There are 2 protein chains.
Amino acid sequence: MTSKSTATAESAEEARRARRARPAKRARPAKRASVTDVAKLAGVSVGTVSNVLNRPEHVAAGTRERVRAAIQELAFVRNASARQLRSGEIKTIGAVVLDIANPFFTEMARGIEDRLAQDDFTLMLCSSDENPEREARYLRLFEEHGVQGVLAVPSHGSIDALISLRKRNIDVVLLDHTSPLPDLASVAVDDVGGAALATGHLLDQGHTRLAFLNGPLTLRQCVDRRDGVVQTLLSRGLDPAEALIEIPLETLNADGGDAAMRALLAWPGPRPTATFCVNDLTALGALRALRDLGVAVPGEMAVVGYDDVNFASMLATPLTSVRQPMYKMGWTAADMLLRRHGSDEPAEQIEFAPELVVRGSSVAEAG
Amino acid sequence: MTSKSTATAESAEEARRARRARPAKRARPAKRASVTDVAKLAGVSVGTVSNVLNRPEHVAAGTRERVRAAIQELAFVRNASARQLRSGEIKTIGAVVLDIANPFFTEMARGIEDRLAQDDFTLMLCSSDENPEREARYLRLFEEHGVQGVLAVPSHGSIDALISLRKRNIDVVLLDHTSPLPDLASVAVDDVGGAALATGHLLDQGHTRLAFLNGPLTLRQCVDRRDGVVQTLLSRGLDPAEALIEIPLETLNADGGDAAMRALLAWPGPRPTATFCVNDLTALGALRALRDLGVAVPGEMAVVGYDDVNFASMLATPLTSVRQPMYKMGWTAADMLLRRHGSDEPAEQIEFAPELVVRGSSVAEAG
DNA sequence: GCTCAACCTTGAAACGATTCACATCTGCTG
DNA sequence: CAGCAGATGTGAATCGTTTCAAGGTTGAGC
C-alpha cells in the first residue's frame, strides 16, 4: 500500500481555502429544476415544455425559443427516471461478460458501446467472473432498471436465468455462445472452423505430423477446436491416431505452453514438425521453450496460436494466429438488440467465421 | 463480412417451431406486476408491501411471508425508476474513460466495478475517445439518470464540464489526473516518481550514459516522466546534457521503438549503455531492434519500460518496467465516491506511487 | 359570415414506488 | 379501568415527466 497525498496538492488546497469565504456550512442541496419550473419561467404550461423537448416541430417558433431560454437559465436537465416511469422507454441496455479486464471481452464491449452510441443508448457493464450468482444479481439489477435488453456471455449453467428473462419480455442476446433455443438470439464464433483453418494451413505447408497443445475438455472452446483439428485431418485422408499428438496443458498460460512444448520435444518417436496451440499465451510459452532449446521456428517447428492477442504480431518471431472478430460480435449483438426491439421477427442466431492471420511462426517468408 | 447461420441451429429451430402451437401471433406484452398487484394478492396495502421490501423487521412475520409468497408468485421485480423518482436514491455511478478497449483503463474499470459490487451499485461505463463532445454527451446522460457520482479520466479541456457537474452537486472524482481545484477529488499516479524509479535503478546498476525514448511533450505523461529522469540525474550529480540522449518517437508503439533504437545505435559518439522507454510497447520494439542487430541485453544495453503490460514478463528477455496501480486507482476512486457521499469532508486528492518491477532486461541475474 | 381544418396550447391523469401521519390493536401499569 | 406505549397496518400524497383529449385561434374557402 504505497499511497500518499502530494505536498503540492495539499498546499494548493490550503491556499484556495484561505481565499474563499464560505458563507454556509455546506452549499444548499440546490434541487434540480423541473419542467414545472421551466414552464413557470417561460410562462407556458408543462405540456408545452415537454413538447419543446420531444416534438419541437409542434411548437410555435417564438414559444420554443422562450422555453429554450428558460431551460438554459435554469440549467434544466431531464429526469430520466420520471421520463421512463411515464413513457416506459429507457435507452439503456445491460451487458454481462465474464471479466472486463480480459482483452477478449474488452474488445467486445467496445463494439457494443460504439453501436449503442449511435442511438444514444448507455451501457451498464458488469463482470460475472463466471459466478452464476453474481451474474443473477446483475441480471436482476438490469431488470429492475427496466433495460431494453441484455447482452450476456453466459457463465456455466446460467442460461436458464437468461431464458426466464426472455420470457419476461426482455430482449436477450447470447454472446460467444450458440443459442440452445430458437427464441433466444445469439452471436458466436465458429471454433470448429477456426481450428480447421489453422490445421488446414499447417497441412498446406506440407506438415504431416502435428502436435496440438490443448486445454481441459470441460471448456467448450477446447472441445470444439479439437473437433476442428480432427475433422480436418480426416477430411485430408490422415489418420489422427498417427498424424496427431495431443498434449494436455497444465495451465492455459505461457508457463503451461512452455512445459508442454518441453514435454513434446522429449517425446520418443518421430517429432511433429508443427504445433497448434489452443491459445496465444500457450503459444508464447511454446515459442520460448523452442528458442531456449535451440529449435528453429518455423524451420524445425511451425507454430500457430489462437486469439491473435495484441502482442502476437510484435514477437521476435511473429505468431500466426486465428483471429476472432470480437469487436464485430459486440457491435452486431448490440445492433440486433436495437434493430429487433419490438419487432416480430424470429431471433437471429449468427455465427461469425474466424480468420487466420499468417505470420512468421508458420511460414518462413511471411511477416 | 463473413457471417452465416449455422445449419444445426436452424434445423433445431424448425424442430421446435413445429412442436409448438403458437396461440397468439405474439405473446402479450405481459405487463410487469406492480406493488399494487402484490398487495392485492397478499390482501394487504401497498404500504405494507413496501415495508416488506425495505424494512422487513417492521412487519409481522405472518404478513411478511404472505407478501413474499405473492412476490414470488407474480415474479414481481421492483421498478427502479419509480423507486428513484420518489426516494431520490439511485445506486448507479457513471464512469468515462478514454477507451475501454485499452488494458490500462480496463484494469481500472475492473477496480471500480469490484468496489461498486460491494454496495450493489451498477456502473455505466463509456469511452470518450478523448473527444470532449462525446464526453460531454455522456456526462449529460449520467446527469439525466441522476447518478450518485461520476468518475472520469478527463479528455483534453473537458475539466470545465466536470467542474460544473460538481457545482450541480454531483460527486466527481478525477481519474489519472491531479485535480486543479480543492473541491474536486482526484486519484492519480506519480509519473515523475515513476520515471525517477526507473532512472535511479539504471544508475544503481552503474550506468552513466542513458538514452530516453520519449513521446510528444503534448502529453502530460511524457513531460512528467522526462522531469523524473532529469531530476534524478541532477540529484545524483550528473549533467543531463552529457549523461542523457533523448530520442523522440515517431509513434508510441513497437515500430516507433524499433526505429528509435536503430537511430540510437547509429548515433556517433559513445553509445549509452541503458535505455529508458516511455512505455512498454516502445520497449518491445527497442528489444526487437537490439536482438536483430545482435546487441546483448542487458549486457551491452539495459532496457526499462513503463506500464508493465501483461506480456512484459513473458518476453524472451523479460522486461523491467514501472507498474502503475490501475486496479487500485479505480477501486479507490469508487470507494471515495461511495464513502464520501453526502459527507462534509473536503475532497481527497490522492496520488499513488508506482512500483518498479525488475526483470532480466536490466539486470542479468533477475527473472 | 359560416365552416372547417390546421395549428398551438393547455392541464389533468397517468406511471409505480416510497413516505408519513394516522388508525387500530394488544397488553401492561398503576 | 383509564391511560399509554409499542407493534402493526393503512392509504393518500408525492416525485417529474409524458400523454392526450379538449379548447382556443387563425385564416382560407365558399
Side-chain angles (χ1 to χ4, degrees), chain A residues 29-68 70-71 74-92 140-141 143-148 168, chain B residues 29-68 70-71 74-92 140-141 143-148 168:
Chain A
K31 279 218 328 181
R32 281 164 57 160
S34 74
V35 273
T36 317
D37 302 324
V38 173
K40 229 170 265 170
L41 181 59
V44 297
S45 75
V46 292
T48 300
V49 176
S50 177
N51 282 335
V52 170
L53 257 25
N54 302 303
R55 305 177 212 60
E57 70 281 5
H58 286 191
V59 179
T63 318
R64 204 188 313 153
E65 284 322 310
R66 215 149 17 96
V67 172
R68 292 222 166 114
I71 287 178
L74 297 174
F76 166 78
V77 175
R78 260 196 186 90
N79 179 324
S81 298
R83 176 189 177 75
Q84 185 198 352
L85 177 57
R86 173 60 230 222
S87 71
E89 261 188 38
I90 186 186
K91 294 182 128 194
T92 300
R140 156 166 278 260
L141 281 177
E143 193 176 356
E144 290 190 1
H145 278 277
V147 298
Q148 289 261 328
R168 290 133 171 265
Chain B
K31 277 218 324 182
R32 279 163 59 158
S34 74
V35 273
T36 317
D37 302 325
V38 173
K40 229 170 268 171
L41 181 58
V44 297
S45 76
V46 292
T48 300
V49 175
S50 177
N51 281 335
V52 170
L53 257 25
N54 302 303
R55 305 176 212 59
E57 69 281 6
H58 286 192
V59 178
T63 319
R64 203 189 313 155
E65 284 322 309
R66 214 150 18 98
V67 172
R68 292 223 166 111
I71 288 178
L74 297 174
F76 166 77
V77 175
R78 259 195 186 90
N79 179 324
S81 298
R83 176 190 178 73
Q84 184 197 353
L85 178 57
R86 174 60 231 228
S87 70
E89 263 188 36
I90 185 184
K91 294 181 129 197
T92 299
R140 155 166 280 261
L141 281 177
E143 193 176 356
E144 290 189 0
H145 278 277
V147 298
Q148 288 260 328
R168 292 137 174 260

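Worth saying up front: this structure is predicted, and the values here are computed from it rather than measured.
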For Arg55(A), which contact category applies under a 4.0 Å heavy-atom criterion: base, sugar-phosphate, or nothing?
-> sugar-phosphate
Within this structure, what is the CD-to-P distance between Glu143(B) and dG16(D), rounded to whole angstrom?
-> 14 Å
Atom pair distance, as rounded to whole Å: CG in Asn54(B) and C1' in dG16(C) | 13 Å
Check against side-chain contact (heavy atoms from CB on, under 4.5 Å), Asn79(B) and Glu144(A) = CA-CA 5 Å; Asn79(B) 179 324; Glu144(A) 290 190 1; over 6 Å; no
In whole angstrom, what separates Leu85(A)'s CG from dA13(C)'s P?
-> 17 Å
Under-3.5 Å donor-acceptor pair between Arg86(B) side chain and dT14(D) base = yes
To the nearest Å, give me how far apart NE2 (His58(A)) and P (dT18(D)) are.
-> 15 Å
Remember a base hit wins even if backbone is also touched, and classify Thr63(A) as base, sugar-phosphate or nothing at under 4.0 Å, heavy atoms.
-> sugar-phosphate
Note: for Ala60(B) and Ser87(B) on DNA chain D, the residue whose nearest nucleotide lies more 5' is Ala60(B)
The nucleotide from dG16(D), dT10(C), dG16(C) with an atom nearest the side chain of Val44(A) is dT10(C)
Interatomic distance, Glu89(A) CD vs dT17(D) C1' [rounded to whole Å] | 13 Å
Answer yes or no: is there a side-chain heavy-atom contact under 4.5 Å between His145(A) and Thr92(B)?
-> yes
Using a cut-off of less than 4.0 Å, is there contact between a side-chain N or O of Arg78(B) and OP1 or OP2 of dT18(C)?
-> yes
Is the shortest distance from a Lys or Arg side-chain nitrogen in Glu65(A) or Arg68(A) to a carboxylate oxygen in the other one below 4.0 Å?
-> yes
Identify whether any heavy atom of Val49(B) sits under 4.0 Å from a base atom; if not, whether one sits that close to sugar-phosphate; answer base, sugar-phosphate or nothing.
-> nothing
Does the side chain of Asn54(A) reach to within under 4.5 Å of the side chain of Ser50(A), using non-hydrogen atoms?
-> yes
Of all the nucleotides listed (dG11(C), dG16(C), dT10(D)), which has the minimum atom distance to the side chain of Asn79(B)?
-> dG16(C)
Return the 5'-most residue of the pair Asn51(B), Ala82(A) with respect to DNA chain D, ranking by each residue's nearest nucleotide.
-> Asn51(B)
Once you round it to whole Å, what is the distance between P of dC15(C) and CD of Glu144(A)?
-> 20 Å
Checking dT18(C), dT10(C), dC8(C) against the side chain of Ser45(A) (C-beta onward), the nearest is dT10(C)
What does Ser50(A) touch in the nucleic acid at a heavy-atom separation under 4.0 angstrom: a base, only the sugar-phosphate, or nothing?
-> base
Here the distance between atom C1' of dG16(D) and atom CG of Leu53(A), to the nearest Å, is 12 Å
4.5 Å side-chain heavy-atom contact, Leu53(B) and Phe76(B) | yes
Distance, rounded to the nearest Å, where Phe76(B) contributes CZ and dA17(C) contributes C1' = 8 Å
